[in-house]
Amino acid sequence: MSHLKRYITTPIYYVNDRPHIGHVYTTTICDVWARFQRLAGHDVFFLTGTDEHGQKVEQSAEARGVTPQALADENSAEFRRIMGMFDLTNDEFIRTTDPRHEQQVQSLVKRLMDSGDVYLGTFEGWYDPGQEEYYTETKAREVEFKSPISGKPLERATEENYYFKLSAYQDRLEKMFKDHPGIVRPDARRNEVLGRLREGLLDVPISRTNFAWGIGVPGAPEHVIYVWIDALFNYITALGLADSDSEWYSDRSEYWPAGMQVIGKEILWFHAVIWPALLMALGLPLPECIYAHSFWISEGQKMSKSLGNFIDLEQLQDYMETYGSDALRYFLATQGPLGATDSDFSRSQFHETYTTDLVNTLGNCASRTSAMIGKYCEGACPEDTGECAGGGVEWSDFTAAQVEASIAAMEKFDLSGSIAAAMSIVRQVDAFINDTAPFKLAKDPDSAPMVGNILYRCAEAIRIATCLLEATLPDRVQQLRTAWHLGEASGDLRGECVWGRLEPGTTIEKVALFPRVETS
RNA sequence: GGCGAUGUAGCUCAGCCUGGUUAGAGCGAGGGAUUCAUAAACCCUAGGUCACAGGUUCAAAUCCUGUCAUCGCCA
């Protein structure tokens with residue numbers, strides 16, 4: 001058994017946003033992965049947090065008449081609250097206003113300045129004084145060199161900014177994608193990046209001077225480090241990785257490089273190109289995988305402010321109250337937009353998934369098995385003496401194959417594939433019961449040993465399936481562990497999933513894991 | 001405008017790369033049989049111009065071209 005260090009990150013959430021399903025989704029799928037790795041005995045570090053600097057926060061704070069810090073404190077707390085609300089097991093919650101983060105970012109930028117990867121450059125462009133923003137040449141032409149807001153003419157202006165020498169990394173990035181095609185997934189997203197990479201890279205500005213809410217550039221405090229570069233560094237500042245002499249340095253740095261960095265597709269470019277280039281510039285190893293998921297749409301329509309159809313925390317809580325937190329996790333993990341296309345979050349589909357998979361398949365199978373053990377075996381797990389007519393399942397081989405498939409799928413962040421492998425064991429149990437019909441055999445007392453053999457296999461298979469499902473369904477699997485007296489997870493997932501670990505004689509109580517929910 | 005993706009049964013999708021029996025799965029719907037179980041599991045049924053139009057081929061959902069639609073990224 002290995003005890004690998006495995007580091008998984010969510011993006012840090014922008015405090016100017018209202019928490020909604022997107023944040024819960026990203027964090028939940030990371031949570032499933034993190035729990036799964038822990039169950040497999042790995043040493044996991046699961047990071048999330050909030051991104052708090054930038055002009056938008058400054059403006060929002062001003063509009064509300066509070067300091068940016070006060071606004072950030074309030075909204076960061078709101079995001080932190082989500083973690084408890086949805087039982088998310090992040091090991092750390094970083095804020096970009098944490099002193100440890102701010103100081104390390106300065107030290108990282110200093111290193112980049114010293115190495116020449118960050119330089120002071122001059123930007124010249126069309127400036128809209130009213131909006132305090134620059135337009136690109138084409139955009140400026142489009143608006144006929146007049147502000148689309150005020151109608152006043154744009155001014156030709158220059159500005160000194162610090163730039164990151166991204167252009168110098170073109171070849172190395174191309175090589176990275178060639179040598180490690182799995183570094184950005186899914187494939188459609190990688191192709192998107194490759195297409196854009198082919199167009200060539202320009203140096204990117206990493207500082208601004210027209211607002212103040214951010215981390216100052218070392219030695220040039222009138223320059224504020226752009227929020228996105230500030231934010232990207234959270235993944236390593238949370239580990240205290242910036243500088244081995246600093247007070248923030250710790251053995252947490254051993255978690256780097258990250259095994260899985262999950263993001264939404266809107267921030268792909270920063271994570272798939274700029275982030276690796278920054279790491280190269282710093283001489284740090286690259287993450288194993290940047291996984292960019294797609295978005296949820298709501299009842300067939302894109303979520304938008306104008307439509308007001310955001311699936312917000314209240315709605316998600318409502319789902320949890322009606323169906324249970326595991327049901328929400330299961331839906332997000334199995335029906336979510338891990339692929340290239342967006343997924344629809346609809347009440348009917350949620351209900352259908354819950355009823356089909358959790359009530360009718362997993363819940364019912366555990367129920368019928370435990371009910372029969374109750375009736376025919378006096379509630380004690382029978383012994384498998386080897387003889388069994390019908391069924392035709394090599395249980396030991398079959399479950400071993402599914403266990404490996406489930407672990408392998410999770411390794412690739414294919415949550416639904418991993419869950420499907422576990423569920424296939426449950427479906428096999430149902431088929432096995434129908435084939436062998438222990439409930440018929442039970443009418444003949446001479447068949448009692450055979451009934452016991454059959455039911456042992458059913459219970460054992462369900463036990464193994466639920467070990468694999470525990471990361472997704474922690475609450476209900478715990479309920480099963482209690483009712484079937486299975487003890488706690490050992491931290492050795494493979495070992496636990498070896499056929500035959502269920503002890504004959506164990507008390508098996510009847511369970512109803514997922515109650516049917518009637519639609520109104 | 002540039003680049004890319006997608007368009008297959010009511011719904012969600014697989015198949016397409018490596019063309020070849022009656023185009024598949026799950027869910028939903030209809031029917032049947034059964035009772036260990038959460039009216040569950042099981043069996044049967046659904047007859048969908050594989051977006052459209054051309055082309056290549058003995059043969060195309062599968063390769064090529066064009067059109068339309070949807071979506072993404074970029075500008």
Side-chain angles (χ1 to χ4, degrees), chain A residues 135-143 184 186-202 264-273 292-295 297 299-302 323-324 331 334-377 379 390 416-417 419-420 423-424 426-443 447 451-452 454-455 458-459 462 476 479 508 510-519:
Chain A
Y135 293 93
T136 60
E137 194 64 33
T138 30
K139 177 76 180 171
R141 199 172 297 134
E142 229 171 75
V143 298
V184 171
D187 291 349
R189 293 279 99 82
R190 184 185 59 242
N191 291 338
E192 219 168 270
V193 173
L194 285 174
R196 198 169 153 191
L197 197 57
R198 274 193 293 274
E199 292 168 14
L201 294 172
L202 299 174
K265 59 182 177 180
E266 82 282 9
I267 50 177
L268 180 63
W269 184 250
F270 290 137
H271 285 81
V273 173
H293 66 70
S294 301
F295 300 143
I297 59 174
E299 302 287 348
Q301 290 201 298
K302 196 168 176 173
Y323 295 90
F331 183 74
T334 61
Q335 308 295 309
L338 275 186
T341 52
D342 296 346
S343 299
D344 190 20
F345 195 112
S346 71
R347 194 159 274 276
S348 62
Q349 206 201 340
F350 188 105
H351 183 81
E352 189 178 298
T353 301
Y354 175 76
T355 303
T356 302
D357 290 1
L358 297 180
V359 179
N360 293 353
T361 303
L362 180 56
N364 185 58
C365 188
S367 169
R368 70 197 297 209
T369 298
S370 52
M372 283 191 278
I373 289 174
K375 274 188 191 175
Y376 310 141
C377 310
S416 64
I419 291 166
M423 291 298 284
S424 76
V426 178
R427 289 182 222 280
Q428 188 67 263
V429 171
D430 270 332
F432 183 68
I433 293 174
N434 293 330
D435 253 30
T436 55
F439 43 88
K440 282 183 183 162
L441 293 175
K443 290 172 182 163
S447 299
V451 170
I454 292 167
L455 293 179
C458 295
I462 291 170
R476 300 304 163 84
Q479 197 178 318
I508 304 284
K510 187 169 186 294
V511 284
L513 297 177
F514 298 95
R516 190 164 296 279
V517 172
E518 300 302 330
T519 43

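The sequence lines fix the lettering, A, B, ..., with proteins before strands; numbering per chain opens at 1. These figures come from a predicted structure and were not determined experimentally.
Between A/Phe295 and A/Asp342, the residue anchored nearer the 5' end of RNA chain B, judged by the nucleotide with its closest heavy atom, is A/Asp342. Remark on RNA chain B: of its neighbouring residues A/Arg198 and A/Asp357, the 5'-side contact belongs to A/Arg198, judged by nearest-heavy-atom nucleotide.
The separation between A/Asp344 atom CG and B/C11 atom P is 13 Å, rounded to whole Å. Between the P atom of B/C27 and the CZ atom of A/Arg347 lies a distance of 23 Å, rounded to the nearest Å. Rounded to an integer number of Å, the gap from A/Lys265 NZ to B/C74 C1' is 15 Å. Put simply, CD on A/Glu352 is 13 Å from P on B/C13, counting in whole angstrom units.
Comparing B/U6 with B/C52, their C1' atoms sit 15 Å apart, to the nearest whole Å. Comparing B/C36 with B/G31, their P atoms sit 25 Å apart, to the nearest whole Å. Comparing the same atom, P, in B/C16 and in B/C11 gives a spacing of 23 Å after rounding to whole Å. With both ends at atom P, the span from B/A59 to B/G55 equals 12 Å, rounded to whole Å. When the P atom is used for both B/G24 and B/G15, the distance is 16 Å, rounded to whole Å. Here, B/G28 and B/A23 have their P atoms 25 Å apart, quoted to the whole Å. Atom name C1', nucleotides B/A75 and B/U56: the rounded distance is 37 Å, in whole Å. Nucleotides B/U12 and B/G7 place their C1' atoms 14 Å apart, quoted to the nearest Å.
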Quiz item: Tell me, for nucleotides 31-44 of chain B in 5' to 3' order, what letter each nucleotide earns: B for a base near a protein heavy atom under 4.0 Å, S for only sugar-phosphate near one, - for neither?
Solution: -----BBB-SBS--
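Among residue pairs with one or both ends in residues 338-351 of chain A, those qualifying as salt bridge (charged side-chain N to carboxylate O under 4.0 Å, His left out) are A/Lys265-A/Asp342, A/Asp318-A/Arg347; sequence neighbours excluded.
Remark: the backbone N or O of A/Val511 is paired with a side-chain donor or acceptor of A/Ser370 at under 3.5 angstrom.
A/Phe439 is not listed as a side-chain neighbour of A/Lys375, based on a closest heavy-atom distance of 4.5 Å or more. For the pair A/Ile508/A/Thr369, no side-chain contact is recorded, criterion being any heavy-atom separation below 4.5 Å from C-beta on.
Here A/Asp357 pairs with nothing under the salt bridge (charged side-chain N to carboxylate O under 4.0 Å, His left out) rule; sequence neighbours left out. Here A/Gln479 pairs with nothing under the side chain to side chain donor-acceptor pair (under 3.5 Å) rule; sequence neighbours left out. Every residue two or more places apart in sequence or in another chain that forms a side chain to side chain contact (heavy atoms under 4.5 Å, CB included) with A/Pro337 is listed here: A/Tyr25, A/Ser294, A/Trp296, A/Ser343. Applying the salt bridge (charged side-chain N to carboxylate O under 4.0 Å, His left out) test to A/Asp187 and every residue at least two apart in sequence or in another chain returns A/Arg190. Residues satisfying the side chain to side chain contact (heavy atoms under 4.5 Å, CB included) test with A/Ala512, not counting sequence neighbours, are none. When the side chain to side chain contact (heavy atoms under 4.5 Å, CB included) test is applied to A/Arg368, the partners found at least two apart in sequence or on another chain are A/Asn364, A/Asp430, A/Ile433, A/Asn434. Contacts of A/Glu352 classified as side chain to side chain donor-acceptor pair (under 3.5 Å), with partners at least two apart in sequence or in another chain: none.
Between A/Phe345 and A/Phe350, the angle of the ring planes lies from 30° to 60°, which puts this pair in the tilted group.
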What does the list of N/O pairs under 3.5 Å between the protein and nucleotides 6-8 of chain B look like, with a distance for each?
none

Self-check item: Dot-bracket pairing map - RNA chain B, Watson-Crick plus G-U, both contacts under 3.5 Å, | cross-strand
Solution: (((((((..((((......[...)))).((((.........)))).....(((((..]....)))))))))))).
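Listed in residue order, the members of residues 190-197 of chain A having a heavy atom less than 4.0 Å from RNA chain B are A/Glu192, A/Arg196.
Pairing each heavy atom of A/Phe432 with each of A/Cys458, the nearest pair is CD2-SG, 3.8 Å.
Among the protein residues, A/Gln349 comes within range of no part of the nucleic acid, since none of its heavy atoms lies under 4.0 Å from any strand. Looking at heavy-atom distances under 4.0 Å, A/Arg189 makes contact with sugar-phosphate atoms alone, never a base.
Using a cut-off of 4.0 Å between Lys/Arg side-chain N and Asp/Glu carboxylate O, A/Glu192 and A/Arg189 are scored as salt-bridged.
In this structure, A/Ser367 OG and A/Leu362 CG are separated by 11.0 Å, a value rounded to the nearest 0.5 Å.
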